[in-house]
Each structure stands twice: as structure tokens, then as C-alpha cells.
Amino acid sequence: MRFSRAYIPTVKEAPNEATLPSHIFLTRAGFIAHIASGLYNYLPLGKRVIRKIENIINEEMARAGCEEVELAFVTPAELWQESGRIEKFGKELLRFRDRKENLFVLGPTHEEMMVSIVRNRVSSYKQLPLNLYQIKTKFRDEARPRFGLMRAREFIMKDGYSFHATVEDMNREFDAMEAAYKRILDRLGLEYRIVEADSGAIGGSGSKELMVLAESGEDTLAVCDTCAYGANIEAAVRAPKSAPSEAPVAEFNRFKTPGIKSIADLSAFFHVDPYYTLKCVAKRAVYEEGSKIVLFFLRGSDELQKVKAQNAAKALEIVDVGEEELSEAGLHVGFIGPLDLKGFTCIFDEALRCATSMICGANEVDYHFVGVDLGALGEENRFADLSEVKEGDGCPRCSGTLSYTKGIEVGHIFKLGTTYSKVLKAEFLNEKGQAEPFVMGTYGMGVSRLVAAVIEQHHDEKGCRWTRATAPYTLNILVSNVKDEAQNDLGELLYAQFIKAGVEVIFDDRKERFGFKMNDAELIGFPFTLIIGKGLEQGTVELYVRESGEKLEIPVAEAFACVMERL
RNA sequence: CGGGGUGUAGCUCAGUAUGGUUAGAGUACUUGGUUUGGGACCAAGGGGCCGAAGGUUCGAGUCCUUUCACCCCGACCA
């Protein structure tokens, strides 16, 4: 492509709403154009990057034995009613009616559609397994789109679905997909981590997220400094904590603790480590029908992890409760304890199993109990993992230490099981001739989000630094002064040579000054720029390497070979 | 969905407390000339229903009402 003919509208100033490097540079360098909230147009350079990522995904999917399909973007609402997700998804589902007043939705993910194309067509275990995927525009009417391509309403995603006769076979495919996704991210040149994840509303028995490591990531990850363990903070677990100090010896007793409401005060009052105090976090758990107050108990040294709490309460949502509301319910903030507490759902953190020598609220203003043995609690009390992993906690897999890092979720793979096949009645006949629902897996990868993720991880103050596999053009041939015939001629010659060699090359033949063109080259972020300029009189050209910033002087005669060697 | 902010040239923004010639700057664009290794200089140009609707007024970018859009913080987010 000749730069003079290409549509690459670069600009000096970024729109003021852009805050992330990927958003700023993709806009300034002319890859994308904002059109409305959460909607972007892909300009020629952006489209090229997307295609390159798609190609790599397609190649790796083919290698893993998957087949590509393309499902309708507009999907009948009946399928969503059948699966029950039309309510669950809520307002994120964009709905509309056609001229006959039939209800449709724009697909935000395609479990239902994919199940529907397989059910009643695949009827025997002999036809399994099957892994079908598509790369397609999705739409989610996000409450607050932001960060450019990172959280857009319309976005491109690869979504794959596998169908199996047994759980074992699904597990095998799950591992195969994890391996395929790793290869994709390796080829794209990204630094990433695969972490354990919360399965969220999509359900299923297990899931992992592929996280591109970047400062601007929206997700907090707990990763081990020794082994490969990593998990989203929402799902992270830790090695059991050892007691920080000797347990405070005390007979069971009721103590007056005037005005002592916080864990810090309590621990100071009794001169004990917060580890030996019992923290109560009251929340309102919202269900499809109604809501109720749930009391979560943890050690005073731990914090409640909201997603874990929500899962433990099997609630749709967990919201805060006001102090007044609690008082009306007969609870005294700061003095809530599990003893003699009737009529409330209590959930205890795993770290409290058989905890002894605890100090907890006495459900009476200004009183706490000491010497409490939680092992004495009745059977009706439930235990669950509720506490949030902190930096410095022990790794659950090895003797290493966990620390936080930030990640961009670019992929999520799920062991779905029979969640969807059951409700949608998608069944096959097993060896014994009995009908069984498909065992399914689902595998997503955000293509447009990957475009942003590459830049979040590969940029500097001047602009983009595309990796080899993602660059819109690998090589940029820059003629410093197009009025200089020798420079121009050499540019044309090399341009033709590289095209012939199959290199993705762009030829900057614009009638602009050197600095202007260099700034564009750096903003756009071509991995290599071959500068034909003032060195030509001495018989040399320069190769500028964007990643390292180095400029190599090369004799003209060796230019072609030398560049080819480095690509 | 709660709280806040902003809408004026392709882009970044002045101008709006106090209404008053023909609405400005930078940048980008067009033309001519000079320049040619880090977003050049000189000169001459084109470009606006001041987000939309209604109102107050002799007169509205500016005041009042309504509305729409976009952005930011939070809630939410397979």
C-alpha cells in the first residue's frame, strides 16, 4: 500500500474522553473512530489488525479440530425465553420487534443458538464430540461503556461451543482449548496469565480466564510468585492461615465493651490479634423473588469477597444494608454475633471452622462474648469460602506467596456441563440407547478487546508498538524527501521487492517532511521503518526498530536482505 | 441505574457571572511561494442553524423551561 493513497487519518490531539493508552493511540493513529457510546468504526488499519488476529485464531482452531460456523446476529427471543436467560441478562440484551411484532434480541453470546443448531440433528454419541465456533460481532447494551474498545457495546468475539457424551471428554476438550488459547496468545506476542475464575451468570462447574497483564486491567489477580497458580480475586483461594499469635485464654464470658464497634477497637480493647475476633458483614441478598438480610461471619483479620458472598448466598445480587434497616430487624451494628441469633441466614467463612477462643458480639449493645468456641454452633450454620485473598497470603498449591497484579480479560473458558442442554432439551442417545443431554464446554475470546490489549501492553509515549503478528503492516518504507529522485527511485525499487517477497509493506511516499512522517510511523507503530534519506549519498539507508528504538545503518546493496532477515 | 460534568469550525478549546456591530484562537484543510532528517515558514482563502425545541426580550452562543447526546465517578458487567 502506498501511504499517499491510504486512508490513515492521524491526528495530533486525542479526543478528551480518551483516558487509556489504547484508546488514545488507536484513535490518534487512525485505527478506530468513535461513533456513539460504546460504538466504534474500524478504519482500514484497525480492520487489518482485526483480520490478523482472526487469522491466527482460525489457524489454531483448525489445528485443534474445531469447525467455523456463522450464526444469525438477530436471534428470536423464544430461545432466550426457553433457557430463561432473557430475564437473567436483563437490560444488556437489546430487544426489538420486527414488522410482524415478533420479539428478537441481538446476540450477546450464543449458547442458545448453538445448542439449537445441534439439537435434533446430532442424535447419537457416535457423532460426538463436536466443537463449533464463530467469530462475530456481539452486542451487549452495557450500562456504562468505557475505555474505548476495551468495554464497548458492540464488539467482536470468537465464541466456541463443544458437545460431548461424557464429562471426561468435556474435560479433555477444555484442556485442549486452554492449550489452543495459549498458543494464540503466544503467537500474538502477549504476556498473559491463565487464572481460575468465578463462573458468573453463565454457570457451569469450572472456568478459567485468560488475562493479558497490563496496568490498566480491570481485573485484580492473585498470582503466586513460585508456581503457576493464579486466580481472579473473585475466585482466589489461599493456604490456611496459621495463627498469628497464641490464642487468648479466656473462659466463656459476657463482657461490657462500651462503644466498641469496630474490629480495630475490639482488638485493641482486649489486646488480641484481630484473627481472634469475629467480624459480621450484613448484606441484603437479592433473589428472583424478594430479598433478605444475610449475615456473613469472618475472622476480624479477613475481608468479605463480594462475589464469593453472592455465590454462597446463591443470590442474584448482594447489596449493602443501612444501619437503620438492621436496627429495625433487631440487629445491633457492631455487636452482632452468631450466638442466640434466631431467624437470620448466617454463613461462616471456612477459616472459622472449629475456631476457638473467639471474641464476638453478644447481640446486645455494648456487650461482647469472649472465649467463644464456634465448634459448638448448631448444624444449621453453613460454611463457605468468603474471605478475600490478600497480598502476602500463602499460595494454596505450593509454599509460595501470593501478590496482586492487574489483567485484561481477553478469554474465558467454561466447563458448562449440561446447564443449557438440559433446559433446551438437547439430547443424544448413548450406547445403551438412553437419551442424555449434551455435556458442553464454551470458549470465548474477545477479538476487538485483544486489539486494545496489545496496545495496553505494547506502547510508549510516542504511540503504538505492535507485535510482529498484530502489526497492520510489518514494514514501512519512508522516503525522507520525495523530491530527491535517487531516494524516491530506491524507495520504489525496494517497495516492489518487498511486495514480491510477500512482506506486508507500506510505502510512505507522501509529500511531507521527514519529522512529520517519522512521527506518524511511531504513532502508528509499524515494527520496522526503512528510512531512505540523507544517508543515501554515502550509500546507506537506516532501519528503525520501533520496539527497541534503535536505528541501524545498512549499505543500500544489503538493505533488502538485511531487512528480510529481521522480519 | 445513582451522583457529577460537557455540548460553539474536522479536532482541541476561548467567549456565557454582567444579553448588544459581521462569533474567535490554535490545529487541520485549499492555493501560491520558500523550505526538506524530527509534526517548517510567509501570504491569501474556504469552513459554524453556538446539540435540539419552546419561552423571555427591541435584541439570545449568553437568561428561563423542556429534551437529547456524550463523558467522568460509582453500582453493574457470559
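Chain identifiers are assigned alphabetically (A, B, ...) following the order of the sequence lines, protein sequences preceding nucleic acid strands; residue numbering begins at 1 within each chain.
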- Message: Just to be sure I understand the rule, does A:D159 reach a base, reach only the sugar-phosphate, or reach nothing, if contact means heavy atoms closer than 4.0 Å?
- Response: nothing

- Using the P atom in both, what is the distance from B:C68 to B:U18, to the nearest Å? 29 Å

- Query: Who passes side-chain contact (heavy atoms from CB on, under 4.5 Å) against A:S162, sequence neighbours left out?
  - Reply: A:N131, A:H164, A:E173, A:Y443

- Quick one: label A:E542 by what it contacts on the DNA or RNA (base, sugar-phosphate, nothing), any heavy atom closer than 4.0 Å. base

- Please give, in whole Å, the distance from B:C77 P to A:R153 CZ? 18 Å

- Just call it for A:G90: base, sugar-phosphate, or nothing, with non-hydrogen atoms closer than 4.0 Å on any strand. nothing

- Taking atom P in both B:C64 and B:A43, compute the distance separating them and give it to the nearest angstrom. 43 Å

- Rounded off to whole Å, could you give me the CG-to-C1' distance for the A:L94 and B:C77 pair? 16 Å

- Message: Taking B:G51 as the reference, what is the distance to B:C71 when you measure between their C1' atoms (whole Å, please)?
- Response: 15 Å

- Message: Using a 6.0 Å distance limit plus a 45 degree cone around the ring axis, check whether A:K138 lies over the aromatic ring of A:F155.
- Response: no

- Going by the angle between their ring planes, with limits at 30° and 60°, are A:F3 and A:F526 parallel, tilted or perpendicular? perpendicular

- With a 3.5 Å cut-off and just heavy-atom distances, do the side chain of A:Q487 and the base of B:G37 make a donor-acceptor pair? no

- Mind checking salt bridge (Lys or Arg N to Asp or Glu O under 4.0 Å) for A:R119 and listing every partner two or more places apart, or none if nothing turns up? A:E82

- Nearest-Å distance for atom pair CG/C1', residues A:D320 and B:C76: 14 Å

- Query: Crowded around A:E485 CD? As in, over 12 foreign heavy atoms under 6.0 Å?
  - Reply: no

- Task: Salt-bridge test for A:R510 and A:D508: reply yes if a basic N is under 4.0 Å from a carboxylate O, no otherwise.
- Result: yes

- Item | Spacing of the C1' atoms in B:G48 and B:G2 (rounded, Å) | 37 Å

- Nearest-nucleotide comparison on RNA chain B, the residue closer to the 5′ end among A:F155 and A:N519: A:N519

- Message: If I take atom CZ in residue A:F516 and atom C1' in nucleotide B:G38, what distance separates them, rounded to the nearest angstrom?
- Response: 12 Å

- Taking the P atom of each, how far is B:C41 from B:U27, in whole Å? 8 Å

Please enumerate all protein N or O atoms sitting under 3.5 Å from an N or O of nucleotides 30-33 of chain B, with distances to 0.1 Å.
none

- Message: Restricting to ring pair (Phe, Tyr, Trp, His ring centres under 6.0 Å), what partner residues turn up for A:F147, sequence neighbours left out?
- Response: none

- Message: Which residues pass the side-chain contact (heavy atoms from CB on, under 4.5 Å) test with A:L71, not counting sequence neighbours?
- Response: A:V69, A:H110, A:M113, A:M114, A:I117, A:Q134

- Message: Please classify the nucleic acid contact of A:K138 as base, sugar-phosphate, or nothing, using heavy-atom distances under 4.0 Å.
- Response: nothing

- Item | Separation of atom NZ in A:K511 from atom C1' in B:G39, rounded to whole Å | 19 Å

- Going by heavy atoms closer than 4.0 Å, what residues in residues 31-41 of chain A are next to RNA chain B? A:H34, A:A36, A:S37

- Message: Looking at A:E303, I'd like to know if its CD atom is crowded, meaning that more than 12 non-hydrogen atoms belonging to other residues, nucleotides or ligands lie closer than 6.0 Å.
- Response: no

- Residues which pass side-chain contact (heavy atoms from CB on, under 4.5 Å) with A:R284, listed by chain and number, not counting sequence neighbours: A:S291, A:I293, A:V319, A:V321, A:E325

Contacts under 3.5 angstrom, residues 28-38 of chain A side chains, donor-acceptor by atom type, not counting sequence neighbours:
residue, atom, partner, partner atom, Å
A:R28, NE, A:V11, O, 3.0
A:R28, NE, A:K12, O, 3.1
A:H34, NE2, A:A36, O, 3.1

- Is the side chain of A:S421 donor-acceptor paired with the backbone N or O of A:F438 at a distance under 3.5 Å, no angle test? yes

- Message: In whole Å, measure the gap between the C1' atoms of B:U22 and B:U66 for me.
- Response: 32 Å

- Task: Could you label the plane-to-plane angle of the A:F96 and A:F104 rings as parallel, tilted or perpendicular, counting under 30° as parallel and over 60° as perpendicular?
- Result: parallel

- A:M518 has its side chain closest, among B:C76, B:G38, B:G37, to B:G38

- Query: Given the C1' atoms of B:C72 and B:C58, what is the spacing between them in whole Å?
  - Reply: 42 Å

- Task: Sticking with atom C1', work out how far B:G74 lies from B:G24, rounded to a whole angstrom.
- Result: 38 Å

- For A:T220 and A:K406, test the side chains for any donor-to-acceptor distance below 3.5 angstrom and give the result as yes or no. yes

- Donor on one side chain, acceptor on other, A:Q538 and A:T540, under 3.5 Å: no

- Item | Nearest-Å distance for atom pair NZ/P, residues A:K12 and B:U12 | 15 Å

- For this output row, return yes or no: ring centroids of A:W80 and A:F89 closer than 6.0 angstrom. yes

- Message: Within the 4.0 Å limit for protein heavy atoms, which parts of nucleotides 1-11 of chain B are touched? Write it as a string from 5' to 3', B for base, S for sugar-phosphate only, - for none.
- Response: B---------B

- A:E218 has an atom CD; how far is it from atom C1' of B:C73, in whole Å? 14 Å

- Assign each of A:G533 and A:H412 the nucleotide of RNA chain B bearing its closest heavy atom; nearer the 5' end lies the nucleotide of A:G533

- Note on the structure: residues 533-552 of chain A vs ring-ring contact (aromatic ring centres under 6.0 Å, His included), sequence neighbours excluded, gives none

Listing time: all N or O pairs from protein to nucleotides 34-36 of chain B that are below 3.5 Å?
residue, atom, partner, partner atom, Å
B:U35, O2, A:R513, NH1, 2.6
B:U35, O4, A:K483, NZ, 3.4
B:U36, O2', A:N481, ND2, 3.1
B:U36, O4, A:K483, NZ, 2.8

- The glycosidic conformation of B:A69, counting syn as within 90° of 0 and anti otherwise, is anti

- Message: So that I can tick it off, tell me whether A:R172 and A:D169 are bridged by a salt bridge, with the cut-off set at under 4.0 angstrom between side-chain N and carboxylate O.
- Response: yes

- Query: CE of A:M150 versus C1' of B:C77: gap in Å, rounded?
  - Reply: 15 Å

- Message: Only Watson-Crick and G-U wobble pairs with both distances less than 3.5 Å should count. Give RNA chain B in dot-bracket notation, marking inter-strand partners with |.
- Response: (((((((..((((......[...)))).((((((.....)))))).....(((((..]....))))))))))))....

